[in-house]
Amino acid sequence: KAGVTQTPRYLIKTRGQQVTLSCSPISGHRSVSWYQQTPGQGLQFLFEYFSETQRNKGNFPGRFSGRQFSNSRSEMNVSTLELGDSALYLCASSLPSGGGPEQFFGPGTRLTVL
Amino acid sequence: ILNVEQSPQSLHVQEGDSTNFTCSFPSSNFYALHWYRWETAKSPEALFVMTLNGDEKKKGRISATLNTKEGYSYLYIKGSQPEDSATYLCARLVPNTGNQFYFGTGTSLTVIP
């Protein structure tokens, strides 16, 4: 079974621009979560999508948004980029079961904002 | 209230040593705790999903225990090998959400051959 894929793997943008990152979950997984990791910080939860609906949102400004398509693929968008948005962005997919099922992570997108 | 803390931040051990690290979390309203291993240049990989007080899980030389009443989990590695070198993360599932997790900052383990 193919794992979680993320594109692009690396991205360089300048302040003020916007960016869209993509995540393709494992086949059959309907939940997709996004995380941000910056140096010295743990993985910070951005949001989770399930069946095309945002189910949860972390404590991030409205510049961070996302969506999920009918095939469970998800995108996240960051508008008006700031230097502090430079980070590794990970997505994770899981089966739709209760009890906090195991998360399967993608390789991440490394975003650098200049 | 929702913070997950891990200690130590980093650890260097000799090959063959056994080691353990700690994940602390709020004891109230517990739902589930996950452990992940994150090797450099790879994706985080799930080790254990723990849900019940007193849970003990084992995978090869790695095991974990859970105490929800006092709010901690231990991860043990017996006879550390260089391939165990990685960052070990724990994550607490927020109750009454789908899959919203709070992650600790991890323990970075280096096993010296």
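Letters A, B, ... mirror the listed sequences (proteins, then strands); counts begin at 1.
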What class does the angle between the rings of B:Tyr76 and B:Tyr74 fall in, given that below 30° is parallel, 30 to 60° is tilted and above 60° is perpendicular? perpendicular

For B:Phe48, which atoms come within 4.5 Å of any heavy atom of chain A: side chain, backbone, both, or neither? neither

How are the rings of A:Phe45 and A:Tyr35 set to each other: parallel, tilted or perpendicular (split at 30° and 60°)? perpendicular

Which atoms of A:Gln41 approach chain B - backbone, side chain, both or neither, heavy atom under 4.5 Å: backbone

Lys/Arg cation over aromatic A:Phe50: A:Arg55, 6.0 Å, 45° cone: yes

Using heavy-atom distances under 4.5 Å, tell me whether A:Gln37 contacts chain B through its side chain, its backbone, both, or neither. side chain

Which atoms of B:Leu89 approach chain A - backbone, side chain, both or neither, heavy atom under 4.5 Å: side chain

Check the angle between the aromatic planes of A:His29 and A:Phe104 and answer parallel, tilted or perpendicular using the 30° and 60° thresholds. tilted

Name the orientation class of the two ring planes belonging to A:Phe47 and A:Trp34 (parallel below 30°, tilted from 30 to 60°, perpendicular beyond 60°). perpendicular

Which atoms of A:Leu46 come close to chain B, meaning under 4.5 Å heavy atom to heavy atom: side chain ones, backbone ones, both, or neither? neither

